[in-house]
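Data first, discussion second: the structure below is written as structure tokens.
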Amino acid sequence: MADLLSDDEIADRLPADWDREGDEIVRVYEFDDYLGASGFLAAAAGVAEDAWHHPEMTVRWGECEVRLTTHDAGGITGNDIDMAERLDGIYD
Ligand SMILES: C[C@H](O)[C@H](O)[C@H]1CNC2=NC(N)=NC(=O)C2=N1
């Protein structure tokens with residue numbers, strides 16, 4: 001099981017455009033419309049399934065909010081940082 005990151009480690013490793021909110025890291029990806037946001041969610045779900053690390057995702061008009069935490073560890077781990085970087089990689 002992945003180890004919890006310290007506050008300093010989280011601050012150091014948090015990718016640009018992501019914020020920390022307690023035991024989660026959060027980013028809102030922006031799109032031109034609802035279908036764009038929905039398509040990103042579908043692609044992100046595939047990335048998550050491949051990595052077996054699953055974010056909480058909420059689609060709104062033109063937005064997909066992604067929240068990551070490691071449930072098994074009860075907080076933020078390297079798995080969350082890695083998933084954030086993977087999702088940034090599929091965001092055009
Ligand atoms: C049983 C447990 O849910 C699985 O091992 C995986 C599935 N996906 C997961 N996703 C996230 N975000 N955290 C987990 O701890 C996690 N665990």
Side-chain angles (χ1 to χ4, degrees):
M1 180 177 73
D3 294 331
L4 290 175
L5 298 179
S6 68
D7 291 342
D8 288 344
E9 288 169 326
I10 295 167
D12 290 343
R13 295 182 59 187
L14 195 66
D17 301 312
W18 285 79
D19 297 306
R20 177 189 181 174
E21 293 183 7
D23 286 337
E24 297 178 322
I25 61 173
V26 186
R27 180 174 178 178
V28 177
Y29 293 93
E30 297 180 352
F31 301 89
D32 292 337
D33 52 31
Y34 190 78
L35 284 181
S38 301
F40 177 81
L41 183 143
V47 172
E49 195 70 359
D50 288 348
W52 199 243
H53 194 72
H54 303 85
E56 174 188 310
M57 297 190 279
T58 304
V59 167
R60 306 181 193 95
W61 173 269
E63 289 184 346
C64 182
E65 178 179 295
V66 178
R67 292 181 170 272
L68 279 159
T69 191
T70 302
H71 304 294
D72 295 343
I76 300 167
T77 71
N79 292 340
D80 300 307
I81 303 297
D82 293 345
M83 181 54 59
E85 291 168 343
R86 289 182 190 217
L87 296 181
D88 288 350
I90 67 167
Y91 179 59
D92 298 329

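Counting from 1, the numbers follow the sequence of the chain as shown. Hydrogens, waters and symmetry mates are skipped; everything else that's a heavy atom, side chains included, is used. Ligands are counted one by one from 1 in listed order, and the atoms in each one are counted from 1 as well.
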Min N/O separation His71 to ligand 1 under 3.5 Å: yes
Shortest protein contact, atom 16 (C) of ligand 1 (heavy atom only): Asp72 OD2, 4.0 Å
For Asp80 against Leu68, the heavy-atom pair lying closest together: O-CD1, 3.5 Å
Contact summary for Ala37 and Gly62, nearest pair of heavy atoms: CB-C, 4.3 Å
Residue part near ligand 1, for Asn79, under 4.0 Å between non-hydrogen atoms: neither
Protein heavy-atom partner closest to atom 12 (N) of ligand 1 - residue, atom, separation in Å: Thr69 O, 2.8 Å
Closest contact, heavy atoms only, Ile81 versus Leu5: CG1-CD1, 3.8 Å
Determine all donor-acceptor pairs shorter than 3.5 Å in which one atom belongs to a side chain in residues 83-92; sequence neighbours excluded.
| from | atom 1 | to | atom 2 | distance (Å) |
| --- | --- | --- | --- | --- |
| Asp88 | OD1 | Trp18 | NE1 | 3.0 |
| Asp88 | OD1 | Arg27 | NH1 | 2.7 |
| Asp88 | OD1 | Tyr29 | OH | 2.6 |
| Asp88 | OD2 | Trp18 | NE1 | 3.2 |
| Tyr91 | OH | Glu30 | N | 3.3 |
| Tyr91 | OH | Glu30 | O | 2.7 |

Backbone N/O of Asp23 and side chain of Thr69: donor-acceptor pair under 3.5 Å: yes
Heavy-atom pair of closest approach, residues Arg20 and Gly22: NE-O, 2.8 Å
Shortest protein contact, atom 10 (N) of ligand 1 (heavy atom only): His54 N, 2.9 Å
Atom indices of ligand 1, in the order listed, that fall short of 4.0 Å to a heavy atom of Thr70: 13 (N), 15 (O)
Nearest protein heavy atom with distance in Å, relative to atom 6 (C) of ligand 1: Trp52 NE1, 3.5 Å
